[in-house]
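Presented below is the structure to which this report refers.
Just so you know, these numbers use all the heavy atoms, side chains as well, and skip hydrogens, waters and symmetry mates. In what follows, chains are A, B, ... by sequence order, proteins preceding strands, each numbered from 1.
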Amino acid sequence: MIRTRFAPSPTGYLHVGGARTALFNWLFARKYGGEFVLRIEDTDQVRSTAESAAGILTDLQWLGLDWDKGPVPGITKNEYFQSMRLDIYNQYLNQLLETGAAYEAYETPAQLAVMRAKAEKEKRPFRYRKNMAGRATAGTDPSVVRFEMPHKTVEFNDLILGSISVGGEEHDDIVIRKSDGFPTYHFAVVVDDHLMGITHVLRAQEHLMNTPKHLSLYQALGWTPPEHAHMPLVFNMDNTKMSKRDKSKAARHAAQMRLKQDASLTVDVLAAKAGITGSALQAFLHQKQDDPIITSALAGTLNLQLPEIDVQDFRRSGYLADALLNFIALIGWAPGENREILTREELRSLFSLDGIGKTNGRFDRKKLLWMNGEYIRRANTSTLTAAIANFNAVTDFPLKHASAAMTQNLIGMYRERIGTIAEMAENSRFFFGPPTYESKSVKKYLATAADAAHLRQVAAILGKVADPWTAESLSAPMERIIELGEKRGVVAQILRVAVSGGAVSPPLLETLVLLGKETSMQRIAELERMGLAGFEA
RNA sequence: GCCCUCAUCGUCUAGAGGCCUAGGACACGGGCUUUUCACGCCUGUAACUGGGGUUCGAAUCCCCAUGAGGGCACCA
């Protein structure tokens, strides 16, 4: 039976690259009726956190990538967390130590750094080898255990890339147990993949050079290795690697631009606005470090749209899980026959390793936006309602407070004109409270005495509409409003601005109906009362 | 620097020697529709990195160059 796995390290949120790896493994297992295993690789005691692990589970669940074996959400760590398997690793580690395939090494990290620097200075690659000159043979405790890589070429067949070969002189003796007693990634993957019966390792191409190491480990342990397939990577449109740091980068850049443009804005003022200390902001601006807290504080005060990187970013931006999955699947994989929009079922039945290309792809947000809009347009109302509820669960827009009936109405009005649910949430704000009048629209449509006269005419026409206030009863009056003014439709724009705050909204008729007579008339009256000039910014 | 991998429109890709005057989608341009914005429909611009081979014939096979990416941790 086919068995694949997704093995994230819980050192942060699940990002799209990881989601794609998970998706391909899931697809492959599901396609062939195999099993999909989820394993948390938390062997880095410093960086791993329980919250990250929990977050990754949540994100996978949101994506609908269910696992047959693995952690149980909400329950404490089980045997699918590597930190719970130390005894197992030690058992095999001792075996390697006994057979002489592994040995203890005593250099400290600092000493190794010196050795590396020296090698670099001498323009030769540094490779730690058991037989190299100057190796410490005794000393520090705790020590580290290294695996002696065989001094021979390792060749293997990658299911995507074909034949890969790495010469023996390229290998070095990797650490397999750290001084804290935890196994390194290299050792833990091999042991676990074997013990968990993984048949196919589908992972990102950045792991390609690890494979000879892992293969040698399998051999030393006397095990048959799984098949390997390395997938092409995903980059940003500017060819930089997609990374969680991109968000900090965007925030830093925006803050610097703002500080440059606005002379009255100092670092301290900005910091105070963002609720952080001046020195913290100063440091953030001058280093390249990732800092999620400062980043989101800046995004909030500067009203920034940060690039979505993590799965939860996309969820908060109002993307549908199916659309995101569909899009991600198409980077580096193609089903052929010019297929683009594919249901989960179609992805599953069409998926094959043969369809995976060798070249790295770029994450084209515009295409994702289009695809998400396409999903929104094609989805039935109940699917969309569920997606909106899902969106509301992680965001805080007025849309959250919409009744079921209101939500249905909004779906009808917006589905044709949005790319994400967030756009609907943002654009529909005026249905939930007084509109924010956009100065540009006010200047354009509500600036002159003639505009004011038109607005009064509109009020008069609408005021005469007999109850009930419906699409039917409003239809003829709306026609009259459209015909008002020199140019067909201009007065409709005046009404639109009056009622929605801006020059863009769903069709006026529907908007008025949903707003109701009272609210609609109130807004027009309020505008007249305040006087048009009051809006000129 | 050393090692590994890759190379078709701006982007994702189809293409497994003749079906290719290279197809689709996004983006972009033009038009239609239209009370705004969209949606929808029609339509246009746009690519085989370069050079050598192999072959009757090459986007497809081989070699070199160039370019791009990945790796070179007690991170995964």
Side-chain angles (χ1 to χ4, degrees), chain A residues 7-11 41-44 46-48 105 107-109 112-113 116 119-120 122-128 142-146 158 161-162 164-167 169-172 174-180 182-186 188-189 203-212 230 232-233 235 237 239 241 327 330-341 354 357-371 373-374 377 414-419 427 441 445 478-479 481-483 488-493 495-497 500 502-509 511:
Chain A
S9 67
T11 55
E41 309 219 318
D42 55 350
T43 52
D44 185 335
V46 179
R47 295 197 299 163
S48 298
E107 287 79 8
T108 62
L112 287 169
R116 273 192 200 97
E120 192 181 341
E122 291 167 7
K123 291 190 195 289
R124 61 179 167 82
F126 174 69
R127 300 211 170 81
Y128 194 102
S143 59
V144 112
V145 175
R146 285 180 185 268
D158 186 284
L161 297 172
I164 306 290
S165 159
V166 180
E169 65 285 355
E170 301 303 328
H171 307 316
D172 68 347
I174 50 169
V175 173
I176 55 176
R177 186 175 67 191
K178 301 182 252 186
S179 56
D180 66 0
F182 273 57
T184 57
Y185 158 74
H186 299 299
V189 232
R203 53 167 44 151
Q205 229 174 74
E206 60 199 9
H207 284 294
L208 188 61
M209 287 300 103
N210 290 332
T211 309
H230 291 91
L233 270 20
F235 293 90
M237 286 304 278
N239 236 334
K241 205 170 168 181
F327 177 71
L330 259 26
I331 305 177
W333 175 76
E337 295 174 12
N338 294 331
R339 302 289 303 274
E340 292 268 340
I341 306 278
D354 297 337
K358 301 177 179 182
T359 57
N360 296 333
R362 258 142 303 260
F363 195 91
D364 187 347
R365 290 167 193 282
K366 283 188 174 171
K367 185 157 185 177
L368 170 62
L369 190 63
W370 163 78
M371 189 172 277
E374 205 63 16
R377 270 164 249 128
Y414 280 101
R415 72 183 321 158
E416 300 293 317
R417 60 196 91 241
I418 52 169
N427 298 341
S441 303
Y445 295 107
M478 267 310 297
E479 274 311 311
I481 291 169
I482 289 161
E483 299 303 336
R488 187 182 149 83
V490 277
V491 178
Q493 282 303 84
L495 174 56
R496 190 186 305 280
V497 175
S500 76
V504 174
S505 83
L508 261 177
L509 193 69
T511 301

*asked:* How would you summarise protein contacts on nucleotides 28-49 of chain B per nucleotide, using B for base, S for sugar-phosphate only and - for none, with heavy-atom distances below 4.0 Å?
replied: -------BBBBSS---------
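Note on A/Glu41: only backbone sugar-phosphate atoms sit closer than 4.0 angstrom, heavy atoms only; bases stay farther off. Note on A/Thr43: only backbone sugar-phosphate atoms sit closer than 4.0 angstrom, heavy atoms only; bases stay farther off. Using a 4.0 Å heavy-atom criterion, one finds that A/Arg47 contacts the bases of the nucleic acid, with or without backbone contacts as well. Within the nucleic acid shown, A/Ile481 has no heavy atom closer than 4.0 Å to any nucleic acid atom. In this structure, A/His230 reaches neither bases nor backbone, as no heavy-atom distance under 4.0 Å exists between it and the strands shown.
Remark: B/U5 base-pairs with B/A68; criterion is Watson-Crick or G-U wobble with both hydrogen-bond distances under 3.5 Å. B/C32 and B/G40 make up a base pair, with Watson-Crick or G-U wobble contacts both under 3.5 Å. With a cut-off of 3.5 Å on both Watson-Crick or G-U wobble distances, the partner of B/G10 is given as B/C26. Summarising the base pairing, B/C56 is matched to B/G18 through a Watson-Crick or G-U wobble pair whose two defining distances lie under 3.5 Å.
One finds no side-chain N or O of A/Lys367 lying less than 4.0 angstrom from the OP1 or OP2 phosphate oxygen of B/U13.
The side chain of A/Tyr185 lies closest to B/A76 when the candidates are B/G10, B/C74, B/A76.
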Between protein and nucleotides 16-23 of chain B, what N or O pairs are separated by less than 3.5 Å?
residue	atom	partner	partner atom	Å
B/G23	N2	A/Asn338	OD1	3.1

Taking only nitrogen or oxygen atoms into account, show me every contact under 3.5 Å that the protein makes with nucleotides 63-69 of chain B, one pair per line with its distance.
residue	atom	partner	partner atom	Å
B/G69	O2'	A/Asn360	ND2	2.9

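At whole-Å resolution of the value, CD in A/Glu170 and C1' in B/G70 are 15 Å apart. Here B/U5 presents its P atom at 15 Å from CG of A/Asn210, a figure rounded to the nearest Å. B/C26 atom P lies 15 Å from atom CE of A/Met237, rounded to whole Å.
In the interface, the side chain of A/Ser179 is paired with the base of B/C74 through a donor and an acceptor atom under 3.5 Å apart.
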